[in-house]
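Heavy atoms only: backbone and side chains are in, while hydrogens, waters and symmetry mates are out. Order of the sequence lines fixes the chain letters, A, B, ..., with proteins taken first and strands second; residue numbering starts at 1 for each chain.
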Amino acid sequence: MVKKHNTGSTMVEKILAKNASLDKVKPGDLVNARVDLALGNDITAPVAIKEFQRFGLDRVFDPDKIVLVPDHFTPNKDIASAEQAKVLRLFAEKFGIRNYFEVGRMGIEHALLPEQGLVWPGMVIIGADSHTCTYGALGAFATGVGSTDLAAAMALGETWFRVPSTLRFEYIGDIPDWIGGKDLILYTIGQIGVDGARYKAMEFAGSAIEKLSMDGRLTMANMAIEAGGKCGYIQPDDITFKYLEGRVAQSYSPVYSDDNAEYEKIYQYDISRLEPQIAFPPSPDNVRPVSEAREIKIQQVVIGSCTNGRIEDLRIAASLLKGKRVHPKVRLLVIPATQMIYRKAIEEGLMTIFIDAEAAVSTPTCGPCLGGHMGILASGERALATTNRNFIGRMGHPASEVYLCNPAVAAASAVAGKIVHPGEVF
Amino acid sequence: MKIEGKIWLFGDNVDTDAIIAARYLNTVDPAELAAHLMEDIKPDFPDLVKPGDILVAGSNFGCGSSREHAPLAIKGAGISCVIASSFARIFFRNAINIGLPILECTDDLSNLVSGIDRLSINLDQGTIENLQNGEIYHATPFPPFMQELINSGGLIEYVKARLGK
C-alpha cells in the first residue's frame, strides 16, 4: 500500500491536480486537465467527428489515446445506423486510431476498455457516453461528456473540468447471499435520489467494498451517473492490481484519498441484511427490496449491458438457470458484454445452459438497454433487466415498463415468469 | 441578449430519453430530432412548439444519457432558452458547448410561473421577468470562464481560437 500524504485531498482532486499540472485543487476550481483517454461510440462519435472536421486539422492530439467502439446500434440495425458506424471506421483509418473495435472483435465499451487493459489507476478519461464513470472502479477519474467535448479533446488532448466535491459511501457488514454490486448501487441511488450526487464525485469504500469483486465494483461505478454523479470510484487495492496484472504492461502510479481528505458528506450503510434491490419504473431511484416486488409478471428479461454483462454476471445467471427452463410466457435475452466474455462463457459451458434453458443469446451490443434494437418492447409489456435505466420508453414503446435488478434476480425471475427472490428458485 | 417567448412547463428529472428517445438517434440532423422532441412524455409537443418558445422545468433537467442529441433537438426546434432550477451535469455542459441558452434559477420557477403564458429574459444579466405581474427572478450567473466560452460562440469556436485557426 502506497503511503498516503495528508494534504487533505481526495483521489479525484489529486488526479485532476496532477493532469492540470497543479500542486493542489479544491472543489469548485475550474481547471484545464490533460486527457489520457477519450472515448466515443457509434451514436456519439459521428457528432464529434462532424464537429472535429470544423477545426480543419489533419491529425488528432494522439491517435493512441482515442478509442472508438461501435456498440450501440451494431451489428447495424438499419441503413442509417450503418452510415453512422461507417463514419467511425473511416475516421479511425484516416487518423491512425488503433483502438477501433470492429464488430466481431468488439464489446460494450465500458466492459471492453478495462478488459483490454486500456484503463489503469490515476488516469483522466472522458467518454462521450454517460456510463464512462465505470472506470472509476479501477481508480481512474472517468466521466461522461458530450460529443462536442469529445471533438475538442480529440484536437487538444485536454478539457476543462470543475473540480467536484466528494461524497463518501461506506458499506459495512458481510455481503448477504444473492447480493452484488448492483444491489449496493441501486440501494444507494434509492437513498439519495437521481440527483443526490449531482456534479459530485462518489467514493465507494468500507469493509464490504474491500471484499467486492472487480466485476461488482465496475457495476457500482457504472451507475454513479444514475445518482447524477460526475464520477464514482474505488481506491485501488489488491483486487484492482490483480485485475490489472497481465492486462496493463506499463507502469502507473495509483492515487489515493488522504486520511484527512475533506468530504462533503459521509454516508454509512450496514448491508448485512440487505435484500436484492429492484428499481421500479420510471426512475432508477424508485428502489424497493425484492420482497416488495412479488407477483409482478414480466414478459422479457435482459441479462447484459455495460452494467451487468460481465463473466461473473453470466456465471450467476447460469447457476440459477442450470437444468431449468425459462417460463413459457417469458423471453430471456442473454448478451455477453464482450467477445472475450462470450468465449469464456462457451468454454465454461454457460452458453449450453442458457440455450438449454431456451434463452436467446446475442453477440455483444448495447441494443436492448436503450431500446435501440434486439428486444424492443411493445405497448403494455414489462421487462426485468440488469441494465441501468428504466425511464419511460427506455426499452421500446412509451407504454412499456422496465424494472432493474441484479443478474440472480433476473435469471430466477425468467424461470418464475414474475419477479422473485433467487432463493425461491435455487 | 433579450428573449421573450411563450413558455412550456415541465417537472423535475426530465431525462434525455424523454427529450429524445434512443430510437431516433440514428440521425444527427437537428430538424429530424426536433420532430420527436419530448414525444414520449408529451406526444403533441413537436406539433405545438414554435421557434422562440421557452422551456421551464424543475430540478435535474436532462438527467441520464450524454447524448448531445438532446440539446440539439431542443435547439433544432428553435427553443430560445431552457430555464430549470438545476440541470444534470452532462446536459449542462453540452448545452453550453453547442450554444443553447440555459439558465439555472434556484427559485422554483415552474411553480412561480404556473398559469402564465409568456416570460421575458435578459440572458446577459440572468434576469427573468414575469410579464403578468412584473416580478423578476434571478438566475445563477455563469463563471467568467464559461462566459468566455459562450461569448466565443461555443466550444468549437473557442478551440478554433486556441488552435489559431
Side-chain angles (χ1 to χ4, degrees), chain A residues 30 43-44 46-48 50-52 54-57 72-73 77-81 83-84 127-132 143-149 151-152 155-156 159-160 162 164 193-195 198-200 225-226 228-230 282-283 285 369-373 376 389 391-394 396 398, chain B residues 12-30 32 39-43 58-72 85-99 143-146 149 154-160 162-163 165:
Chain A
L30 280 165
I43 289 181
T44 60
V47 182
K50 195 173 144 203
E51 295 302 306
F52 181 86
R54 290 172 57 195
F55 297 139
L57 294 172
H72 277 61
F73 290 153
K77 67 160 179 163
D78 55 23
I79 294 167
S81 308
E83 293 294 336
Q84 291 199 155
D129 188 280
S130 61
H131 293 103
T132 301
T143 193
V145 296
S147 296
T148 300
D149 267 319
L156 294 177
T159 195
W160 63 273
R162 186 153 57 178
V194 285
D195 63 350
R198 208 165 41 85
Y199 303 141
K200 302 178 204 305
I225 181 67
E226 262 54 73
K230 181 169 197 153
S283 174
D285 66 358
C369 172
L370 74 162
H373 70 148
I376 308 299
R389 289 190 177 134
F391 301 143
I392 292 168
R394 176 72 179 177
Chain B
D12 294 337
N13 302 319
V14 173
D15 61 73
T16 46
D17 282 74
I19 297 169
I20 183 77
R23 57 187 178 276
Y24 303 120
L25 299 186
N26 55 5
T27 175
V28 296
D29 177 20
E32 273 183 57
E39 186 182 276
D40 284 358
I41 54 169
K42 193 168 170 47
S59 63
N60 205 26
F61 185 85
C63 62
S65 165
S66 66
R67 63 185 69 154
E68 208 160 285
H69 309 66
L72 272 177
S85 55
S86 65
F87 291 93
R89 189 190 70 84
I90 307 175
F91 183 91
F92 180 90
R93 219 180 148 110
N94 286 346
I96 287 170
N97 284 345
I98 69 163
F145 169 82
M146 252 173 242
L149 212 155
L155 187 64
I156 295 297
E157 295 305 320
Y158 177 81
V159 172
K160 269 185 171 173
R162 291 237 354 232
L163 290 167
K165 295 251 170 190

Taking every non-hydrogen pair under 4.5 Å, which of I156(B), N60(B), V28(B) racks up the most with chain A? I156(B)
So, does R198(A) use its side chain to make a donor-acceptor pair with the main chain of F87(B) at under 3.5 Å? yes
Segment of N97(B) engaging chain A (4.5 angstrom heavy-atom cut-off): both
Specify which of D15(B), D40(B), T27(B) makes the most heavy-atom pairs with chain A at under 4.5 Å. D15(B)
For C369(A), does its backbone N or O pair with a side-chain atom of R394(A) as donor and acceptor, under 3.5 Å? yes
Checking L25(B) against chain A: side chain, backbone, both or neither under 4.5 Å from a heavy atom? both
Below 4.5 Å from any heavy atom of chain A, which atoms of S65(B) appear? Answer side chain, backbone, both or neither. both
Looking at A21(B), S59(B), S66(B), which has the largest count of heavy-atom pairs under 4.5 Å with chain A? S66(B)
Under 3.5 Å, is there a donor-acceptor pair between the E51(A) and S147(A) side chains? no
Turns out that what part of N94(B) lies under 4.5 Å from chain A's heavy atoms comes down to side chain
Tell me, side chain or backbone of I98(B) under 4.5 Å from chain A's heavy atoms, or both, or neither? side chain
Just jot down the ring-ring contact (aromatic ring centres under 6.0 Å, His included) partners of F73(A), sequence neighbours excluded, or say none. none
Portion of A88(B) that has a non-hydrogen atom of chain A nearer than 4.5 angstrom: backbone
Which atoms of F91(B) come close to chain A, meaning under 4.5 Å heavy atom to heavy atom: side chain ones, backbone ones, both, or neither? neither
Given 3.5 Å as the limit, does a donor-acceptor pair link the side chain of E226(A) with the main chain of G64(B), or not? no
Options R67(B), H69(B), E39(B), ranked by heavy-atom pairs under 4.5 Å with chain A, top entry: H69(B)
I'd like to verify something: which residue of I376(A), I79(A), L156(A) has the highest number of heavy-atom pairs under 4.5 Å with chain B? L156(A)
Picking from D149(A), I43(A), T143(A), which has the most non-hydrogen pairs under 4.5 angstrom with chain B? D149(A)
Does any heavy atom of chain A fall under 4.5 Å from the side chain of E157(B), the backbone, both, or neither of them? side chain
Side chain, backbone, both or neither: which part of S86(B) has an atom under 4.5 Å from a heavy atom of chain A? both
Taking atom types as modelled, is there a side-chain donor on R389(A) or S130(A) under 3.5 Å from an acceptor on the other? yes
Quick one: does any side-chain atom of D78(A) pair with a main-chain N or O of S81(A) as donor and acceptor, under 3.5 Å? yes
Could you tell me whether the side chain of T132(A) and the main chain of G144(A) form a donor-acceptor pair under 3.5 Å? no
Is any side-chain heavy atom of K200(A) closer than 4.5 Å to one of K230(A)? no
Which bit of I225(A) is near chain B, if near means a heavy-atom gap under 4.5 Å: side chain, backbone, both or neither? side chain
Derivation of the side-chain contact (heavy atoms from CB on, under 4.5 Å) call for F55(A) and K160(B): CA-CA 6 Å; F55(A) 297 139; K160(B) 269 185 171 173; 3.8 Å; yes
